[in-house]
Amino acid sequence: MLKSGVHGNNFTFPLVLKACAKLGSIRDGTKIHTHVFLMGFQGDVFVQTALIDMYSKCSNLSSSRHLFDEMPIRSVVSWNSMISAYCKDFQIDESFGLLKQMRFLDLEPSSSTLVSIVSGCSGSGFGALWHGLSIHCYGIKLGLTSDLLLSNSIMSMYIQFDQIDAARALFYSMAEKSTISWTAIIGGFIKIGDVGEAFNLFNQMRQEQISLDSIVFINLSSGCTQVGRVFVASSLHGLIVKSGCDCDEPVENSLVSMYSKCGDLVSARKIFDLVHEKSTFLWTAMISGYTHFGYPNEALNLFKILLNTSSRPNEVTLATVLSACADLGSLSLGREIEEYIRMNGLDSDLRVQTSLVHMYCKCGSIERAKEVFDRACNRDLTMWSSMINGYAIHGMGEEALNLFVKMQRQEGIKPDSVVYTGVLSACSHSGFVEEGMKFFECMQRDGIVPSVEHYLCLVDLLGRAGYLKLALNTIEEMPEPVQAQAWVPLLSACRKHRDIELGEFVAKRLFDLESHGTSNYILMANMYISIGRWKDAATMRRLMNDKGLVKEPGWSQIEVNGSIHVFLVGDQSHHRSVEIYEKLDVLNAKLREAGYVAETEMAMHDLEKEEREEALRVHSERLAIAFGLLSTEPGTTLRIIKNLRTCNDCHSAFKFISKITSRHLIVRDGHRFHHFESGSCSCRDFW
DNA sequence: GTAGGGTTAG
């Protein structure tokens, strides 16, 4: 308008200002304001009101208030705009102040006034529920109960504060209900986790032939996400396609997210691939699906593809990608991603920093994790939990507990259930029995009801430290559903302390509970082997086979020059396999010279002693180490990730290897980290 | 002609 020389009148100014408000463009808005003056419209109530709205939407509340104060005559809409401006800025008291002034001036608020103020209440703290309630009463007093918009906004306010009964009562009392009313109540039930009721209402809505739109479907798909059932998801998808809403961008995002969270990654990917203009939301939903269902490689590949498009990852995308990186255990990739984060100015986001801490801990670099942690400002509970948990899995119990104390004393942050899991796990990995029991009590005194994880940590803590009877008594005092799971760590402790009698008792309880996890059979079989009861061990294996259970094959990976090499037990498929086995021979000779004796207890009983040693030698972690030694400069730290727990023999061999080769070996097994250096391990053989 | 209701990714 300005450039073309077309002159505004008091009709066009509000329209143009509305456009500025929508764009949030304060520069254009101010220019228009100048023209308002030049054209002599500064006294027009319509124009002034539009200016108030424009300034507030361009985050310039003081200009709005200034204009409002200077107005000689105000319409109800002017008041509404100003009230709405304060509500959007969460200044609920200011907007209530204006409402009071209106009543003082004998100006009757319109339903819109109340709509604005009620939506302002929804965005404020819990105390605002009382304000919201008072507005509901005021609306009744003013005879505005039949106003659809007002009823919808009051209903949404109740939903916001989880007052589903109040919302439902209002919903059923409404003579007129729109798609928005139905969507609000459906969304309300989804919010409180009652997805069944949400779908009941949805069916009722369809029976009453209320028109359906994208937003109701987005709500329902988020409900499906909670339930996690693929068949519900696909039938909803069918309805969406039938309604023709499936090509709406937010709906596509929700569908991908829904299928991803239900674990149907194939369906999610199908929709994802069909979308032409992929938003960051869409990319993130797909990447997070891969991450959460254990496909970190696919997640990271997709992220690489994303980087070659015009879409940009945001903080949430990067937090997800870092989590994939943590699962994969690729330190070099993690560092590359950190570099990307830094280059793109996303490094000040706390969620990203927390994911970095988590990633570095899980990739074995506790030092880098600590650096990121130290750099972060305004650390929240999640950040502290990540660092505490990091120390826990690295067996650095003292550091974990110090941090826990610091978090409470210095920062005044109240611990939650998650951080206590980290603390108990730290105690368990470091053998701090007394402290662990103390924290378990402290936690309950803090009003936290122990979860399954807490109980499992406690049993693990007691069992691992050899207090088997105490662990048993603890289990017996646990709530029934927890007991079933708690037998597993106790069985593991029995195996460690070779308490065959208790082990058999525990195994019986486990098998009675039909808890037929492969690991339970393996634990029992190994326990029998360790005391020479070969026959019983064979029975265990047979029972396992009869049930069609297969032992998870062990694998280890090592990252060299940015690429990951995976080895299976006895693997000969690596292109440098010959060299690897030669290196192992040399290494074994040196190991024997250094006094290492192979522990053969875990080997197959029907093998000869030499054969047993042979079987142990080719454990996947040994192949990974040999390859690492072959392909890196002397003195380079080697980081190995293994899916199962390291066996006693490999643990002992690694201590020797670290001494012979003067290498720092960092091993992440199925449970924790081991740092081998100069012949000893950070776990002090307590694992 | 100005204000005002339901929305997806960790």
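For a distance-only test at 3.5 Å, the side chain of T320(A) fails to qualify as a donor-acceptor partner of the base of dG10(B). For T183(A) and dG6(B), a side-chain-to-base donor-acceptor distance below 3.5 Å is present, hydrogens and geometry of angles not being considered. Between the side chain of S81(A) and the base of dA3(B), no donor-acceptor pair of N or O atoms lies under 3.5 Å. Between the side chain of S178(A) and the base of dG5(B), at least one donor-acceptor pair of N or O atoms lies under 3.5 Å.
The shortest distance between the side-chain N/O atoms of S323(A) and the OP1/OP2 oxygens of dG10(B) is not below 4.0 Å. Distances shorter than 4.0 Å separate none of the side-chain N or O atoms of K177(A) from OP1 or OP2 on dG5(B). For dA3(B), neither phosphate oxygen OP1 nor OP2 lies less than 4.0 angstrom from any side-chain nitrogen or oxygen of K88(A). Close to dG10(B), at under 4.0 Å from its OP1 or OP2, lies a side-chain N or O of S288(A). Between K191(A) and dG6(B) there is no side-chain polar atom (N or O) within less than 4.0 angstrom of OP1 or OP2. Dashed line: the shortest gap from a side-chain N or O of K18(A) to OP1 or OP2 of dG1(B) is not under 4.0 Å.
Here S153(A) lies in heavy-atom contact (under 4.0 Å) with sugar-phosphate atoms only. No engagement by T291(A) is indicated, since no non-hydrogen atom pair under 4.0 Å with the nucleic acid exists.
What separates CG of L282(A) from P of dA9(B) is a distance of 12 Å, to the nearest Å. Residue L220(A) contributes atom CG, which lies 13 Å from atom C1' of dT8(B) at whole-angstrom precision. Atom P of nucleotide dT2(B) and atom CD of Q42(A) are separated by 21 Å, given to the nearest angstrom. The CE-P distance, from M155(A) to dG5(B), rounds to 13 Å in whole Å. A straight line from CE of M39(A) to C1' of dG1(B) spans 15 Å, rounded to a whole angstrom. Between the CH2 atom of W79(A) and the C1' atom of dA3(B) there is a distance of 14 Å, given to the nearest Å. Counting to the nearest Å, the P atom of dG10(B) and the CG atom of L346(A) are 18 Å from each other. For L148(A) and dG4(B), the CG to P distance is 16 Å, given to the nearest whole Å.
Among dG1(B), dG4(B), dA9(B), the nucleotide with an atom closest to any side-chain atom of D44(A) is dG1(B). Out of dG5(B), dA3(B), dG10(B), the shortest distance to the side chain of N80(A) is found at dA3(B). Distances from the side chain of V77(A) to the nucleotides dA3(B), dG1(B), dG5(B) place dA3(B) closest. Of all nucleotides listed (dG1(B), dG6(B), dA9(B)), dG6(B) comes nearest to the side chain of I215(A). Comparing dG6(B), dA3(B), dT8(B) against the side chain of S257(A) picks out dT8(B) as the nearest. Looking at the side chain of S254(A), the nearest of the listed nucleotides dG6(B), dT8(B), dG4(B) is dT8(B). For A184(A), taking side-chain heavy atoms from C-beta onward, the closest of the listed nucleotides dA3(B), dG6(B), dT2(B) is dG6(B). For L149(A), counting side-chain heavy atoms from C-beta on, the closest listed nucleotide (dG4(B), dA3(B), dT2(B)) is dG4(B). The side chain of F281(A) lies closest to dA9(B), out of dA9(B), dT2(B), dG5(B). The side chain of V115(A) lies closest to dG5(B) when the candidates are dT8(B), dT2(B), dG5(B).
Taking both residues in full, the closest heavy atoms of T354(A) and T382(A) are given as CG2-O, 3.9 Å, listed atom of the first, atom of the second, then distance.
Ring pair W182(A)/F202(A): centre-to-centre distance not below 6.0 Å. F303(A) and W283(A) have their aromatic ring centers separated by at least 6.0 angstrom. Between Y55(A) and H66(A), the ring centre distance reaches or exceeds 6.0 Å.
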Step by step, work out the side chain to side chain contact (heavy atoms under 4.5 Å, CB included) result for K278(A) and L306(A). CA-CA 9 Å; K278(A) 295 178 177 65; L306(A) 160 63; over 6 Å; no

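Y86(A) and R65(A) are linked by a side-chain donor-acceptor pair at a separation below 3.5 angstrom, with hydrogens and angles left out of the test.
With salt bridges taken as basic N to acidic carboxylate O contacts below 4.0 Å, none links E338(A) and R335(A).
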